[in-house]
Engineer: 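Dropping a structure here in structure tokens format, bear with me for questions.
Just so you know, these numbers use all the heavy atoms, side chains as well, and skip hydrogens, waters and symmetry mates.
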Amino acid sequence: MSALTALQLQDFRSYAALALTLDERPVVLFGANGAGKTNILEAISFLAPGRGMRRAALDAPVRHGCASGAWGVHAQLKHDEDDPFALGTGLDPQKRSRRVRIDGQNARPSALADLLRLVWLTPAQDRLFAGPRGARLRFFDRLVLSLHPEHGRNATAYERAMRDRQRLLDEGGADPAWLQACEQQMAEAGVKIMCARADALAHLQEQINARAQSAFPQADLHLEALYEDAPEVTAPDLLDALVQGFSRGRHRDGAAGRCLSGPHRANLHVLWRAKAMPAALSSTGEQKAMLIGLTLAHARAVAAKDNTPAPLVLLDEACAHLDANRRAALIDEVCAMQGQGWLTGTDQHLFEAFGDRGQCFEVAEGTARAVE
Ligand SMILES: Nc1ncnc2c1ncn2[C@@H]1O[C@H](COP(=O)(O)OP(=O)(O)OP(=O)(O)O)[C@@H](O)[C@H]1O
Ligand SMILES: [Mg+2]
């Protein structure tokens, strides 16, 4: 079991100072619109590397009107029976950079990933199935990253090489050897990206398939490469196939002003298995249920991975569109998880099915009060 047993916020968004003492049970935050529920989840999301669940600029969380210009989040993180770790992060206003401390020692943000895994679902993701391909791929890549931490590095290397190649194509008359060098780098990173995605997809699908009786619809996932002659991950000469594909596409990509083939053009298709229908055609509540199903499967896939702590699962307004049956099913799933779940909603009654299996806080005016 992985759980936060304490959480403190300083000058973080609507909070001057907030201190929560917790046990290992799932946490419910309820309160009116604008009360500060999502702010608490966002604060937790900064306990992982990256820009948090709002993808905010580093100084955006600083509480308006606060003189220090800094924000801080501190937590006690407990894994099973081990002694808790003290995690701290925040903005260092002098250096304009993120400060991370683990058990009182300075650490790199990336070190947080070894101690704490996070999975989150926000209302901004509600349009994921019907929305643009790129947003869906970003969602999937974040999921891949939680199973393959090197995925981010490979994606950065791929994008850098792709930008360099495009600059050469845009300028025209480049030495073919330079272009070839960029394409080789793209292909090398591209192979790693494709393999990590295929592996993550298989693990996710395995977790989905394991829950035949779930209240959350089972999805069939498929990653489509949006270009002709796209090699399969199983292609014996995947690297060569990518290199040749980039080389063949030079003229076309030069004219288009961007690279039109490669792993960055993949499209994640999500199908409602029982209806054999694209998830995008489902109702609002059905899409939400599928998203929650995917998120829970993601959490189980991370938890099932060796040497990886079970992830904390942050579900912002996950109950909003769910009927009472699905709400109760979600609460049962959250209680069964090996990582602490955090749920938000406007009304306490949405969470009645927790009984005493959860700990409830009423959020209002910069405070969070524990309620029975
Ligand atoms: N940097 C900041 N300084 C001070 N207040 C901020 C800052 N950023 C956001 N806020 C305020 O925080 C408040 C609470 O936001 P939050 O998103 O947590 O509400 P919520 O409880 O999740 O509401 P909802 O139910 O509508 O989702 C908002 O009123 C917003 O104006
Ligand atoms: Mg909110």
Side-chain angles (χ1 to χ4, degrees), residues 1-9 12-15 18-31 35-48 50 52-54 56 61 73-79 84-85 87 89 112 115-126 142 146 288 291-292 294-300 302-303 309-320 322 327-348 350-364 367-371:
M1 181 76 204
S2 299
L4 298 185
T5 51
L7 178 69
Q8 286 147 26
L9 275 52
F12 188 92
R13 297 217 184 255
S14 48
Y15 296 95
L18 176 77
L20 296 180
T21 304
L22 306 154
D23 56 47
E24 294 176 13
R25 290 175 297 167
V27 181
V28 167
L29 305 170
F30 73 93
K37 306 176 295 292
T38 304
N39 290 347
I40 294 178
L41 299 194
E42 185 192 23
I44 297 171
S45 73
F46 277 109
L47 294 172
M53 65 184 222
R54 282 192 173 113
V73 177
H74 300 270
Q76 295 278 333
L77 170 68
K78 196 164 157 39
H79 293 305
F85 292 95
L87 302 183
T89 188
L112 290 168
L115 296 177
L116 176 63
R117 296 289 166 115
L118 290 174
V119 168
W120 62 68
L121 184 65
T122 72
Q125 291 161 341
D126 282 359
R142 194 164 55 74
S146 66
K288 189 80 184 186
L291 257 182
I292 292 173
L294 269 182
T295 305
L296 295 172
H298 175 198
R300 293 195 301 271
V302 176
L312 267 52
V313 183
L314 312 180
L315 299 171
D316 196 14
E317 281 180 53
C319 291
L322 297 185
R327 232 167 29 232
L330 172 62
I331 288 169
D332 285 345
E333 289 253 16
V334 167
C335 290
M337 285 183 328
Q338 293 170 52
Q340 191 178 42
W342 287 70
L343 282 84
T344 69
T346 46
D347 284 304
Q348 188 178 11
L350 293 170
F351 305 101
E352 270 162 6
F354 267 114
D356 60 6
R357 294 179 298 170
Q359 46 194 325
C360 223
F361 293 86
E362 180 170 16
V363 179
T367 62
R369 183 176 62 88
V371 293

Engineer: If every non-hydrogen atom of Arg54 is compared with every non-hydrogen atom of Asn39, which pair is closest and at what distance?
Structural biologist: NH1-OD1, 3.0 Å

Engineer: Can you confirm whether Ile40 sits close enough to Leu7 that some side-chain heavy atom of one is under 4.5 Å from a side-chain heavy atom of the other?
Structural biologist: yes

Engineer: Sequence neighbours excluded, which residues qualify as side-chain contact (heavy atoms from CB on, under 4.5 Å) partners of Ser146?
Structural biologist: His298, Val302

Engineer: Could you report the tightest heavy-atom contact between Leu87 and Leu47, atom names first, then the distance?
Structural biologist: CB-CD2, 4.2 Å

Engineer: Do the side chain of Arg117 and the main chain of Pro309 share a donor and acceptor less than 3.5 angstrom apart?
Structural biologist: no

Engineer: Are the side chain of Gln340 and the backbone of Val27 linked by a donor-acceptor contact shorter than 3.5 Å?
Structural biologist: no

Engineer: Please name the pair of heavy atoms, one in Gly339 and one in Met1, separated by the smallest distance, quoted to 0.1 Å.
Structural biologist: C-CE, 3.9 Å

Engineer: How long is the gap from CG on Leu4 to CG on Leu116, to the nearest 0.5 Å?
Structural biologist: 6.5 Å

Engineer: Please enumerate all residues that pass side-chain contact (heavy atoms from CB on, under 4.5 Å) together with Gln8, with sequence neighbours excluded.
Structural biologist: Ala19, His74

Engineer: To the nearest 0.5 Å, how far apart are CZ in Phe46 and OG1 in Thr89?
Structural biologist: 8.0 Å

Engineer: Just to verify, what does Thr367 make a side-chain contact (heavy atoms from CB on, under 4.5 Å) with, not counting sequence neighbours?
Structural biologist: none

Engineer: Side chains of Trp342 and Ile44: closer than 4.5 Å at any heavy-atom pair?
Structural biologist: yes

Engineer: Do you know which of Thr344, Val334, Thr122 makes side chain to side chain contact (heavy atoms under 4.5 Å, CB included) with Leu315?
Structural biologist: Val334

Engineer: Measuring from atom CH2 of Trp120 to atom CD of Gln125, what distance do you get when rounded to the nearest 0.5 angstrom?
Structural biologist: 9.0 Å

Engineer: Check whether any side-chain heavy atom of Val28 sits under 4.5 Å from a side-chain heavy atom of Gln348, and report yes or no.
Structural biologist: no

Engineer: Out of the candidates Val313, Val119, Leu312, only one should pair with Met337 under the side chain to side chain contact (heavy atoms under 4.5 Å, CB included) rule; please name it.
Structural biologist: Val313

Engineer: With respect to Leu343, which candidate in Leu330, Leu29, Leu314 satisfies the side chain to side chain contact (heavy atoms under 4.5 Å, CB included) definition?
Structural biologist: Leu330

Engineer: OG1/Thr295 to CD/Glu333 distance, rounded to the nearest 0.5 angstrom?
Structural biologist: 11.0 Å

Engineer: Tell me whether Glu317 is salt-bridged to Lys288, with the criterion being a basic N under 4.0 Å from an acidic carboxylate O.
Structural biologist: no

Engineer: Apply side chain to side chain contact (heavy atoms under 4.5 Å, CB included) to residues Asp332 and Arg357 and explain how you reach the verdict.
Structural biologist: CA-CA 9 Å; Asp332 285 345; Arg357 294 179 298 170; 3.0 Å; yes

Engineer: Taking the side chain as C-beta and beyond, is there a heavy-atom pair between Phe30 and Glu362 under 4.5 Å?
Structural biologist: yes

Engineer: What pair of heavy atoms forms the shortest contact from Ser45 to Gly52, and how long is it?
Structural biologist: OG-CA, 3.3 Å

Engineer: Could you report the tightest heavy-atom contact between Phe351 and Cys319, atom names first, then the distance?
Structural biologist: CE2-SG, 3.9 Å

Engineer: Please tell me if the side chains of Tyr15 and Val363 come closer than 4.5 Å, counting only heavy atoms from C-beta onward.
Structural biologist: yes

Engineer: Do you know the tightest heavy-atom contact between Ala303 and Pro311?
Structural biologist: N-CD, 3.9 Å

Engineer: Can Cys360 and Phe354 be said to form a side chain to side chain contact (heavy atoms under 4.5 Å, CB included), step by step?
Structural biologist: CA-CA 9 Å; Cys360 223; Phe354 267 114; over 6 Å; no

Engineer: Find the distance between CZ (Arg142) and CE (Met53) and round it off to the nearest 0.5 Å.
Structural biologist: 10.0 Å

Engineer: When rounded to the nearest 0.5 angstrom, what distance separates CZ in Arg13 from OG1 in Thr38?
Structural biologist: 10.0 Å

Engineer: For Asp316, is there an ion pair with Lys37 - N to carboxylate O distance below 4.0 angstrom?
Structural biologist: no

Engineer: Can any side-chain N or O of Glu24 pair as donor or acceptor with the backbone N or O of Ala3 at less than 3.5 Å?
Structural biologist: no

